[in-house]
Amino acid sequence: MQISETPAAPEPAQPASPQPPIPNPPMGFWQAAWGVVVHPQATLSYACRERKLAWGVWALLLMTTPLAVVVLFAPPLEALRLLPIPHEQMRSLLAVIVLFILPLGIFSTALTYHIVAGRLKGSGTLAGIFAGTSMASLPLLLTALLVTLAAVSGPNSQTISVVIIYVIVLWVYVLQVIAIKVNYNMSVGRALAVFLIPAAAAFVLSFILSAVLAAFVILSLGALG
């Protein structure tokens, strides 16, 4: 006697697997500005990877505009004595330097990092390092407040302000090393090399130029004597 086999019941359809969460959700500029302080590596990595050129431009404007206003209306007396020109002209010159020379210097720094990193076999983009370097320079915004305090306070407060400014500059340097590291996918040692090689080259070049200028002045004075 043959027993008919009953067909197996179809397996229930498995529910579709949910989409994985976005590992790096998009952030706005102000979130990124605060992230540079509290989560620097993750924020700078995001800025470099996404090539946030607009962030870089906004960061430069945010840094330079308040500082230019400060040096125009309340510059420290030491800054006004740098050159033997009237104070009003010196204020305007300082404001122009902050508004134009400082952004140009940051872009030139990013370009130099990109060239040196390429020689060290780094894999990254110029747009990424520009965004990272600009965002890493955001703490310089605090110098506007410190310059104002130095201009209106006594000598003791001025000394404290100068010390804090040096600390902020050191902070910016550390953030720039992080930006180099994440943009070019480098080790900390190679990122430090990319950061230090241009600084060493600039130091040697300035030393040579100073020596040439000193020799020229000595020879000129000898010829006059």
Side-chain angles (χ1 to χ4, degrees), residues 24 27-68 97-147 161-206:
N24 292 301
M27 65 175 71
F29 172 76
W30 295 109
Q31 284 179 291
W34 178 242
V36 169
V37 178
V38 295
H39 301 294
Q41 181 161 335
T43 304
L44 293 174
S45 177
Y46 182 85
C48 293
R49 184 179 66 252
E50 300 296 328
R51 306 176 191 179
K52 295 291 187 179
L53 294 178
W55 285 8
V57 174
W58 278 112
L60 293 180
L61 290 175
L62 188 61
M63 283 185 297
T64 56
T65 304
L67 188 56
I97 290 174
V98 171
L99 281 175
F100 297 101
I101 305 301
L102 182 58
L104 182 61
I106 291 177
F107 175 77
S108 300
T109 299
L111 179 60
T112 305
Y113 289 159
H114 187 66
I115 294 173
V116 176
R119 297 294 184 271
L120 296 180
K121 309 302 181 182
S123 177
T125 63
L126 177 58
I129 193 58
F130 170 73
T133 303
S134 301
M135 296 297 292
S137 303
L138 271 177
L140 292 176
L141 176 63
L142 299 175
T143 59
L145 176 60
L146 294 171
V147 169
S161 297
V162 170
V163 171
I164 297 176
I165 288 174
Y166 278 119
V167 173
I168 292 173
V169 172
L170 181 61
W171 180 15
V172 169
Y173 288 162
V174 172
L175 292 176
Q176 288 187 356
V177 172
I178 294 175
I180 294 170
K181 176 181 179 295
V182 297
N183 184 66
Y184 296 106
N185 194 24
M186 287 180 162
S187 64
V188 175
R190 291 175 67 199
L192 279 172
V194 173
F195 174 80
L196 292 175
I197 288 174
F203 176 79
V204 172
L205 181 61
S206 63

- Going from CG on Leu60 to CG on Leu138, what distance comes out if it is rounded to the nearest 0.5 angstrom? 8.5 Å

- Query: Tell me, do Gln176 and Ser137 make a side-chain contact under 4.5 Å, heavy atoms counted?
  - Reply: yes

- Item | Closest heavy-atom pair and its distance - Leu44, Gly132 | CD2-O, 3.7 Å

- Note on the structure: Closest heavy-atom pair, Val194 versus Ala117, reported as atoms and distance to 0.1 Å, is CG2-CA, 3.9 Å

- Note on the structure: Between Pro66 and Leu141 the two heavy atoms that sit nearest each other are CG-CD1, 3.7 Å

- Message: Would you say that Thr109 contacts Pro198 through its side chain, given a criterion of any heavy-atom pair below 4.5 Å between the two side chains?
- Response: no

- Query: Quick one: are Trp171 and Val37 in side-chain contact, heavy atoms under 4.5 Å?
  - Reply: yes

- Item | Pairwise distance NE2(His39) to OH(Tyr46) - rounded to 0.5 angstrom | 15.0 Å

- Note on the structure: Heavy-atom nearest pair, Ala193 first then Leu120, reads CB-CD1, 4.1 Å

- Query: Can you find a heavy atom in the side chain of Ile106 that is under 4.5 Å from one in the side chain of Ser134?
  - Reply: yes

- Please round to the nearest 0.5 Å and tell me the distance separating atom CD of Gln41 and atom NZ of Lys181. 4.5 Å

- Heavy atoms only: give me the nearest Pro139-Val172 pair and the separation to one decimal. CB-CG2, 4.0 Å

- Steps toward side-chain contact (heavy atoms from CB on, under 4.5 Å) verdict (His114, Phe130): CA-CA 9 Å; His114 187 66; Phe130 170 73; over 6 Å; no

- Item | Met135 vs Cys48, side-chain contact (heavy atoms from CB on, under 4.5 Å): CA-CA, chis, key distance, verdict | CA-CA 10 Å; Met135 296 297 292; Cys48 293; over 6 Å; no

- Message: Side chains of Phe29 and Leu62, heavy atoms from C-beta outward: is any pair under 4.5 Å?
- Response: yes

- What are the two closest heavy atoms between Ala131 and Ala47, and how far apart are they? CB-O, 3.8 Å

- Output all residues satisfying ring pair (Phe, Tyr, Trp, His ring centres under 6.0 Å) with Tyr173, sequence neighbours left out; order by chain, then residue number. Phe195

- Arg51 side-chain N/O to Thr125 backbone N/O, donor-acceptor pair under 3.5 Å: no

- Message: Quick check: do Ile129 and Tyr184 have side-chain heavy atoms less than 4.5 Å from each other?
- Response: yes

- Query: If we only count heavy atoms from C-beta on, is the Arg119 to Ile197 side-chain gap below 4.5 Å?
  - Reply: no

- Query: Atom CG of Leu175 and atom OG1 of Thr133: how far apart are they, to the nearest 0.5 Å?
  - Reply: 10.5 Å

